[in-house]
Visitor: 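The structure that follows is given in the form of structure tokens.
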Amino acid sequence: MSDGSSFYITTPIFYVNDVPHIGHAYTEVAADVLARWHRQSGEDAWLLTGTDEHGQKILRTATANGVTPKEWADRLVETAWKPLLKTVDIRNDDFIRTTDVRHEVNAQKFLQHLYDSGHIYTGEYEGFYCVGCEEYKQPSDLIDGVGEYAGQQVCAIHSIPCELLHEKNYFFRMSTFADHLLALYEENPNFVQPASARNEVISFVKQGLSDLSISRSSFDWGIKVPWDDSHVVYVWFDALLNYITAAGYGHDDEKFSRLWPATHVVGKDILRFHAVIWPAMLLAAGIEVPRQVFGHGWLLVGGEKMSKSKLTGIAPNQITDTFGSDAFRYYFMRAISFGQDGSFSWEDLSARYQSELANGFGNLASRVIAMVVRYCDGEIPVAGDFSEADELIRGTEKRVTDAATLAIGHLAIHDAIAAMWELVDELNGYITAQEPWSLAKDPADRDRLEAVLVTAVRGLGTLAVLLSPVVPQATAKLWTALGGIGLVTDQRIDRAWEWTGGPRVSPLEALFPRIEATVG
Ligand code: ME8
């Protein structure tokens with residue numbers, strides 16, 4: 001059902017030094033919802049995710065565990081990072097590892113090209129390096145340490161001191177791209193979003209850019225610099241290239257021209273890498289810059305970014321084992337404005353599960369289907385005359401479809417879901433007001449009963465199509481129960497309201513069953 005236009009979307013590739021927590025799952029789900037939406041809009045959507053496996057951080061973890069870095073990476077990819085995708089129901093089209101040959105070889109081609117065209121030189125650098133961030137820090141990036149690090153300057157993200165490094169390295173002439181980047185942000189205001197992220201990036205670049213050290217010679221866990229194998233490529237330079245090596249750069253021109261440029265969804269912690277370094281690298285290589293870089297907010301615990309290093313990470317399956325993957329996806333996409341920070345709480349999750357998913361949406365579906373079974377032997381009636389109230393529901397279906405489509409265009413996933421929930425709420429109010437159970441008592445009200453039921457069934461069909469990217473499992477069950485033809489994922493989402501109903505309904509199990517166990 002592709003209309004031929006391409007929507008290539010990526011997540012960051014995650015470090016394999018540790019297992020995933022719900023912050024990583026959050027990014028995966030957001031990118032997946034967007035990819036599913038665009039797929040259902042008829043575009044050739046392609047979702048890439050993967051793992052970042054080189055660098056000092058991984059090397060140190062592997063060494064501490066008595067294995068080689070490659071063995072460590074293989075273990076974590078197979079036991080933790082690929083399983084994460086199943087846990088939260090990600091439908092990715094590719095999974096790239098920076099140790100894949102397709103990545104290493106083509107990243108080297110990119111580097112050689114930059115070297116040959118004069119963008120790389122040899123230099124010396126001394127500075128404070130944070131291994132947690134895999135980044136040299138400026139004095140302004142450091143804060144006063146507390147506890148065991150009181151009296152020292154520490155990384156603002158990892159709260160640990162940086163290491164003073166002095167190296168003779170290869171450098172990328174990034175400073176020469178500052179004006180070009182500022183023009184890019186100016187000419188294309190959507191390039192970096194949301195607005196807060198864009199402003200931060202612009203003021204950073206306005207201060208002037210330094211050249212970037214892009215190689216290391218003190219350890220060898222990385223991609224070899226093609227013209228000097230005593231150096232390995234700086235892990236971020238290596239990692240950013242995944243977005244093009246996975247898309248065919250250097251080895252599949254047809255695929256690359258079909259997919260590129262991409263929309264990058266990243267956490268705001270790594271915004272500068274994506275909105276400054278990455279486009280500068282691409283400009284140097286003469287490759288089109290990304291379509292968009294969206295920096296989402298952080299999941300906070302106790303007001304701080306949730307992280308494994310601070311022992312505040314929650315494993316995604318702690319949530320999905322009890323609530324299921326649909327509830328995970330719904331909760332994080334609905335409760336947090338995409339682009340802003342948000343705090344996770346078990347109480348909020350339980351409350352929203354019960355009131356919005358189980359009572360609001362799930363019960364609506366069960367009640368409507370049960371009434372079609374009871375009053376019409378399961379046959380979806382053919383509509384006769386519609387009343388004003390029925391027409392209002394049809395109007396809402398179209399309105400929320402358009403509103404959700406518009407919101408997704410701005411990556412405002414929370415607004416899209418809020419729009420869909422107007423239909424959930426209106427349908428619930430409509431059923432209460434129309435009282436089909438009363439209409440069923442008098443044969444004289446038969447036409448009215450049928451019009452109400454068919455209106456409710458159509459409304460549910462529209463919801464199934466619209467909500468499919470967010471809660472794929474529940475909507476697939478609902479679609480089948482409504483007698484929908486084909487897969488719900490094959491229905492055009494931008495015309496969700498056009499569905500007019502199948503021949504018969506079939507029984508529907510509770511979409512969001514009551515949760516008895518205490519959690520937390
Ligand atoms: O930075 N809240 O990998 P990483 C929301 N390998 N999102 C969070 C989060 C939180 N508390 N914690 C992590 C790297 N994330 C590099 C990326 S890309 C070329 C290389 C998510 O494993 C968020 O997407 O540290 C963040 O940007 C990412 O995990 C960092 O993952």
Side-chain angles (χ1 to χ4, degrees), residues 1-7 9 29 31-47 85-86 88-93 324-326 329-330 333 357 361-362 364-373 376-383 393-394 396-398 400-402 404-405 408 416-417 419-420 423-424 427 450 453-512:
M1 62 177 226
S2 168
D3 66 6
S5 63
S6 163
F7 179 76
I9 183 163
V29 168
D32 185 56
V33 167
L34 294 167
R36 286 176 187 259
W37 188 287
H38 282 266
R39 236 176 250 133
Q40 257 185 267
S41 305
E43 289 158 74
D44 187 7
W46 205 71
L47 170 62
L85 305 177
K86 281 210 165 54
V88 290
D89 209 355
I90 304 302
R91 207 178 131 192
N92 56 309
D93 297 278
S325 57
D326 274 358
R329 297 167 63 96
Y330 173 80
M333 294 301 105
L357 288 177
F361 176 47
L364 171 71
S366 310
R367 285 167 72 207
V368 169
I369 286 175
M371 286 191 283
V372 176
V373 170
C376 309
D377 288 329
E379 216 166 285
I380 298 175
V382 178
I393 293 290
R394 295 298 285 161
T396 302
E397 286 173 58
K398 179 153 189 346
V400 305
T401 302
D402 292 346
T405 305
I408 290 289
I417 301 178
M420 298 173 209
L423 180 56
V424 172
L427 275 171
E450 293 187 347
L453 290 180
V454 82
T455 300
V457 163
R458 283 185 184 185
L460 279 179
T462 299
L463 279 175
V465 175
L466 283 178
L467 279 165
S468 154
V470 183
V471 285
Q473 297 192 6
T475 48
K477 285 182 200 153
L478 176 58
W479 185 251
T480 305
L482 291 172
I485 310 294
L487 298 172
V488 67
T489 47
D490 287 339
Q491 311 308 310
R492 279 295 287 253
I493 208 158
D494 49 338
R495 300 200 296 261
W497 54 278
E498 281 185 357
W499 185 67
T500 51
R504 291 186 66 78
V505 297
S506 53
L508 178 68
E509 60 185 281
L511 291 179
F512 298 96

Visitor: For Lys398, check salt bridge (charged side-chain N to carboxylate O under 4.0 Å, His left out) against everything at least two apart and list the hits.
Guide: Asp402
Visitor: Quick one, Thr489 and Arg39 - any side-chain contact, counting heavy atoms below 4.5 Å?
Guide: no
Visitor: Enumerate the residue pairs fulfilling side-chain hydrogen bond (donor to acceptor under 3.5 Å, both in side chains) with a member in residues 474-483, sequence neighbours excluded, ordered by first and then second residue.
Guide: none
Visitor: Partners of Ser366 by side-chain hydrogen bond (donor to acceptor under 3.5 Å, both in side chains), sequence neighbours excluded?
Guide: none
Visitor: I need the full list of salt bridge (Lys or Arg N to Asp or Glu O under 4.0 Å) pairs touching residues 499-512, with sequence neighbours left out, sorted by first then second residue.
Guide: Glu379-Arg504
Visitor: Which heavy atom of Ala419 sits nearest a heavy atom of Ala404, and at what distance?
Guide: CB-N, 4.3 Å
Visitor: Might you point out which heavy atoms bring Phe512 and Leu357 nearest each other, and give the distance in Å?
Guide: CD1-O, 3.4 Å
Visitor: Can you see which heavy atom on Trp499 is nearest to which on Gly484, and at what distance?
Guide: CZ2-CA, 4.1 Å
Visitor: Show the nearest heavy-atom pair for residues Pro503 and Gly483, with the distance to one decimal.
Guide: CD-O, 3.8 Å
Visitor: Does any N or O in the side chain of Gln491 come within less than 3.5 Å of the main-chain N or O of Gln40, such that one atom is a donor and the other an acceptor?
Guide: no
Visitor: Any chance you could lay out the side chain to side chain contact (heavy atoms under 4.5 Å, CB included) test for Arg495 and Val465, step after step, and finish with the verdict?
Guide: CA-CA 9 Å; Arg495 300 200 296 261; Val465 175; over 6 Å; no
Visitor: Could you tell me whether the side chain of Asn92 and the main chain of Leu47 form a donor-acceptor pair under 3.5 Å?
Guide: no
Visitor: Tell me, do Leu427 and Leu463 make a side-chain contact under 4.5 Å, heavy atoms counted?
Guide: yes
Visitor: What are the two closest heavy atoms between Ala496 and Thr462, and how far apart are they?
Guide: O-OG1, 3.5 Å
Visitor: Is the shortest side-chain heavy-atom distance between Asp32 and Arg91 below 4.5 Å?
Guide: yes
Visitor: Just verifying a value: how many Å separate Ile380 CD1 and Leu453 CG, rounded to the nearest 0.5 Å?
Guide: 10.0 Å
Visitor: Is any side-chain heavy atom of Ile369 less than 4.5 Å from a side-chain heavy atom of Leu482?
Guide: yes
Visitor: If you measure from CG on Asp490 to CD1 on Ile485, what distance do you get to the nearest 0.5 Å?
Guide: 12.5 Å
Visitor: Can you spot which of Asp494, Thr401, Val488, Thr405 makes a side chain to side chain contact (heavy atoms under 4.5 Å, CB included) with Leu466?
Guide: Thr401
Visitor: Using salt bridge (charged side-chain N to carboxylate O under 4.0 Å, His left out) as the criterion, list what pairs up with Arg458, not counting sequence neighbours.
Guide: none
Visitor: How close do Leu478 and Ala464 get, counting heavy atoms only, and between which atoms?
Guide: CD2-CB, 3.9 Å
Visitor: Within the 4.5 Å heavy-atom criterion, are Asp326 and Leu511 side-chain neighbours or not?
Guide: no
Visitor: ring-ring contact (aromatic ring centres under 6.0 Å, His included) with Trp497: which residues, sequence neighbours excluded?
Guide: none
Visitor: Atom OH of Tyr330 and atom CD1 of Ile417: how far apart are they, to the nearest 0.5 Å?
Guide: 6.5 Å
Visitor: From Arg492 CZ over to Ser41 OG, what is the distance, rounded to the nearest 0.5 angstrom?
Guide: 6.5 Å
Visitor: Under 4.5 Å between any side-chain heavy atoms of Gln473 and Asp89, yes or no?
Guide: yes
Visitor: If we only count heavy atoms from C-beta on, is the Arg329 to Ile90 side-chain gap below 4.5 Å?
Guide: yes
Visitor: For the atom pair CG (Leu34) and CE (Met333), what is the distance rounded to the nearest 0.5 Å?
Guide: 8.5 Å
Visitor: Using 0.5 Å steps for rounding, measure from the CZ atom of Phe7 to the NE2 atom of His38.
Guide: 3.5 Å
